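Just so we're clear, the structure is a prediction, and the values are computed from it rather than from any experiment. Every chain is numbered from 1, with letters handed out A, B, ... down the list of sequences.
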Number of protein chains: 2
Amino acid sequence: MPPATGEIAKKLRGAGLRPTRQRLDLAGLLFASGDRHVSAESLHGEAQAARLPVSLATVYNTLNQFTAAGLLREVAIEGNRSYFDTNTSNHFHYFLEDKGQLVDIGSERVEVFGLPALPEGTRIDRIDVIVRLKRG
Amino acid sequence: MPPATGEIAKKLRGAGLRPTRQRLDLAGLLFASGDRHVSAESLHGEAQAARLPVSLATVYNTLNQFTAAGLLREVAIEGNRSYFDTNTSNHFHYFLEDKGQLVDIGSERVEVFGLPALPEGTRIDRIDVIVRLKRG
DNA sequence: TTACATGCAAACTGTTTGCAAATAT
DNA sequence: ATATTTGCAAACAGTTTGCATGTAA
C-alpha cells in the first residue's frame, strides 16, 4: 500500500531532511507504488505531468539527498544519465538494452559464486549485477 | 609479450580501421602490456607523457571505434567518466571505491546462479558483475 | 527569527561534432 | 586521386552551484 502523507514526512525527518513541499511531492511519486527506477529527467517530467511544480535543479538535489540518506540507491548504467532505484535492498537488475529500461530481478536466490580472494585490506561494499538483455 | 608493430597494424586492418600513426600509438599503449582499464583522459595523459601527440578528440574517437570494432569493451561505473577495458572476454570486475580503480577478477570460475526466467522475447547479451570494495 | 531549501541562470565536466588541413591507400 | 582521419574549437548533454528569495521550525 502507498505510504500515507504523514508516513512520508516521518521518513524524511528520520533521514534528517525537512519535509518541504517539493520533497514530499517527489517522495510521493517515488514511494507511492512499488519499486521504481527513475532518472532526474523522468522524475521531473512526472512531477510536471502531475502539476507538482519542482525545478529540475531541485530534482537533482533531492535525488542526491535521498541517495545520501539511504532512501534511494544509484544504479550504474553506462551512458551519461544516472538512474536511481527506490529498492535499496540487495538485489540485481535486468537492463533492456533496446528500451534503455531497468527491471529488478525479483529473486533473492540469485548469487555470485566463485569469487577469488579479495585484494588485501578490502571488503565487499556491495555487488552489482546487471544482466543485459537483447531483443531476440 | 607485447605485440609487434606489424601485429598491431594487422589487428587494426582486420577491424576495418586504417593504421594511422595516432591509432598505432594508442593501440601500442593499450595492447602493449596485459589487460588495462583506461579512460579517455588517462589514455590521453599517457600519450602525452610518452611524447605521442594525439588530440583528446582523437582519443575519444579512437576509443569508440576500437570498442565498436570489438577491440575494447566499455565498463559501466557510475559517474560521468567512461572506462574501457582491453580484455574483451567474458569476465567480471572489482572496483576499488577509494581509488576509483577497476581490477579484473582473474577467474573463469565466477558464475551467477539463480536467475529467474528472462522477460519474454529477450536473450542475454552479457552479464556485468561489479564487486565494489571498500577499504577495511 | 534563523537556518535551511528552492529556483533560476550561469558554470562545469565529459563527450561529440563540423570543417579545413593532413594522411593512407 | 580519393576517401578517410585528424585537430581544433565550438556545440552538446547531463549535472552542479552561487545567490537572492521563500519556507520550515
So, is [X] near the phosphate of [N], with a side-chain N or O under 4.0 Å from OP1 or OP2?
| X | N | answer |
| --- | --- | --- |
| A:Arg81 | D:dG14 | yes |
| B:Gln22 | C:dA22 | no |
| A:Thr20 | C:dT6 | yes |
| B:Arg23 | C:dA24 | no |
| A:Ser82 | D:dG14 | no |
| B:Arg21 | C:dA22 | no |

What pair of heavy atoms forms the shortest contact from [X] to [Y], and how long is it?
| X | Y | value |
| --- | --- | --- |
| A:Phe95 | A:Ile77 | CZ-CG2, 3.7 Å |
| B:Ala76 | A:Arg132 | CB-NH2, 3.8 Å |
| A:Val103 | A:Leu96 | CG2-CD1, 4.1 Å |

For this session: Please give the angle, rounded to 10 degrees, between the axes at the start and the end of the helix from C:dT1-D:dA25 to C:dT25-D:dA1, where five pairs define each axis.
Result: 30°
Whole angstrom value for the distance that separates [atom2] of [N] from [atom1] of [X]:
| X | N | atom1 | atom2 | answer |
| --- | --- | --- | --- | --- |
| B:Leu12 | C:dA24 | CG | P | 13 Å |
| A:Gln48 | C:dG7 | CD | P | 11 Å |
| B:Leu17 | D:dA3 | CG | C1' | 15 Å |
| B:Lys10 | C:dA24 | NZ | C1' | 19 Å |

Exercise. Would you find more than 12 non-hydrogen atoms of other residues, nucleotides or ligands less than 6.0 Å from A:Arg21 atom CZ?
Worked result: yes
Exercise. Just wondering, more than 12 heavy atoms not from A:Arg126 lying within 6.0 Å of its CZ?
Worked result: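 Yes, because the 6.0 Å sphere around CZ of A:Arg126 holds more than 12 heavy atoms from other groups.
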For this session: To the nearest 0.5 Å, tell me how far A:Ile127 CD1 sits from B:Ile130 CD1.
Result: 11.5 Å
Exercise. Atom OG1 of B:Thr58 and atom CG of B:Asp25: how far apart are they, to the nearest 0.5 Å?
Worked result: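 Rounded to the nearest 0.5 Å, the OG1-CG separation comes out at 11.5 Å.
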Problem set entry | Proximal nucleotide (of D:dA3, C:dA3, D:dT6) relative to the A:Arg18 side chain | C:dA3
For this session: Could you please spell out the steps behind the side-chain contact (heavy atoms from CB on, under 4.5 Å) verdict for A:Leu71 and A:Lys11?
Result: CA-CA 9 Å; A:Leu71 269 35; A:Lys11 190 170 186 166; 4.2 Å; yes
Can you give the donor-acceptor pairs under 3.5 Å from side chains of residues 41-48 of chain A to other protein atoms, not counting sequence neighbours?
residue, atom, partner, partner atom, Å
A:Ser42, OG, A:Ser39, N, 3.0
A:Ser42, OG, A:Ser39, O, 3.1
A:Ser42, OG, A:Ser39, OG, 3.4
A:His44, NE2, A:Val54, O, 3.0
A:Glu46, OE1, A:Arg36, NH1, 3.0
A:Glu46, OE2, A:Arg36, NH1, 3.1
A:Glu46, OE2, A:Arg36, NH2, 2.8

Problem set entry | Sugar-phosphate only, base, or nothing, as touched by A:Ser39 at under 4.0 Å among non-hydrogen atoms | nothing
Exercise. Residues from residues 52-77 of chain A sitting under 4.0 Å of DNA chain D, heavy atoms only?
Worked result: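 Heavy-atom contacts with DNA chain D come from A:Ala57, A:Tyr60, A:Asn61, A:Asn64.
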